[in-house]
Asks: 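For reference, the structure I am asking about is given below.
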Amino acid sequence: GNRLTIGGWAYGDLVRANCGYDGEIAMVRFYAMPMGQEDVTKRFAELTIPSEPKPTKIGVNKPIFDAQFNEDGTATNVGTSDLVIETVPADNLKTRKVGDIFVASNTRPAHNSRYDAGFYWIDYNDKEDFKSKLADGFTLEVVCSAAQNQGSFWMRPMASDKWGVKLLD
């Protein structure tokens, strides 16, 4: 089916993930429209790094998916869609307060190690409304940090596709 995972690489029955993410995730958003260079530049300018990963202000286009991480380790979609974020708990998955928000904090013992890890997953297989909004173009916005050999720093990978995507079963 169609699944999105945050902080893990899901497989099998989605009970666990392997090669879990090592770092922190402050924001994951999907917008039902492609962003141009000007919008992306504004997003980068609004991000305060490296001390606090404050999410950007949302303009007229509210995200259809917006992961908000909670104090108890769970996450909630506060976007306009009815997607539900399920939490697959494990010792490596926690949240911590950074500035005004909670961020997902994932750790793993060694780079590329295989072990059971906690993560978040969203099953949108039966969510035709969500899938149809991606068909005419979309933007994925993430704010995260990676705990790698280069040290930990906040980054904002973004993907924008003006052609859209057709999701197959």
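From a predicted model like this one, the values you see are computed outputs, not experimental measurements.
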Asks: Checking N77 now: which residues fulfil side-chain hydrogen bond (donor to acceptor under 3.5 Å, both in side chains) with it, not counting sequence neighbours?
Replies: S81

Asks: Taking C-beta and beyond as the side chain, do F30 and L134 meet within less than 4.5 Å on heavy atoms?
Replies: yes

Asks: Yes or no on side-chain contact (heavy atoms from CB on, under 4.5 Å) for L4 and W121, after CA distance, side-chain angles and deciding distance?
Replies: CA-CA 6 Å; L4 168 68; W121 71 276; over 6 Å; no

Asks: List the steps, then state whether side-chain hydrogen bond (donor to acceptor under 3.5 Å, both in side chains) holds for Q68 with T76.
Replies: CA-CA 5 Å; Q68 174 182 292; T76 306; 5.2 Å; no

Asks: Measure the shortest side-chain to side-chain distance between M158 and V142 over non-hydrogen atoms and say whether it is less than 4.5 angstrom.
Replies: no

Asks: What distance do I101 atom CD1 and T95 atom OG1 have between them, rounded to the nearest 0.5 Å?
Replies: 11.0 Å

Asks: Hey, could you give me the NZ/NZ distance between K127 and K133, rounded to the nearest 0.5 Å?
Replies: 12.0 Å

Asks: Between I25 and I6, does the side-chain contact (heavy atoms from CB on, under 4.5 Å) criterion hold? Intermediate values first, please.
Replies: CA-CA 8 Å; I25 303 168; I6 301 171; 3.7 Å; yes

Asks: Could you tell me whether a side-chain N or O of T139 sits under 3.5 Å from a main-chain N or O of M33, the two making a donor and an acceptor?
Replies: yes

Asks: Quick one: CZ on F138 to OH on Y31, what's the gap to the nearest 0.5 Å?
Replies: 14.0 Å

Asks: Decide side-chain contact (heavy atoms from CB on, under 4.5 Å) for V98 and R96; before the verdict, give the C-alpha distance in whole Å, the side-chain angles of both, and the deciding distance to 0.1 Å.
Replies: CA-CA 6 Å; V98 176; R96 72 178 188 95; 3.5 Å; yes

Asks: Could you measure the distance from the OG1 atom of T87 to the CZ atom of F119? Nearest 0.5 Å is fine.
Replies: 10.0 Å

Asks: Passes side-chain contact (heavy atoms from CB on, under 4.5 Å), I122 versus T5? Steps please.
Replies: CA-CA 6 Å; I122 301 94; T5 60; over 6 Å; no

Asks: If you draw a 6.0 Å radius around CG in D91, do more than 12 non-hydrogen atoms from other residues or ligands fall strictly inside?
Replies: no

Asks: Side chains of M27 and E141: closer than 4.5 Å at any heavy-atom pair?
Replies: yes

Asks: Taking the side chain as every heavy atom from C-beta outward, state whether I64 and D129 have any pair of such atoms under 4.5 Å apart.
Replies: no

Asks: List in chain and number order the residues that pass salt bridge (Lys or Arg N to Asp or Glu O under 4.0 Å) with E38, two or more places apart in sequence or in another chain; answer none if no residue qualifies.
Replies: K42

Asks: By ring pair (Phe, Tyr, Trp, His ring centres under 6.0 Å), which residues pair with Y120, not counting sequence neighbours?
Replies: F69

Asks: Taking N70 for the side chain and D72 for the main chain, is one N or O donor matched with an acceptor at less than 3.5 Å?
Replies: no

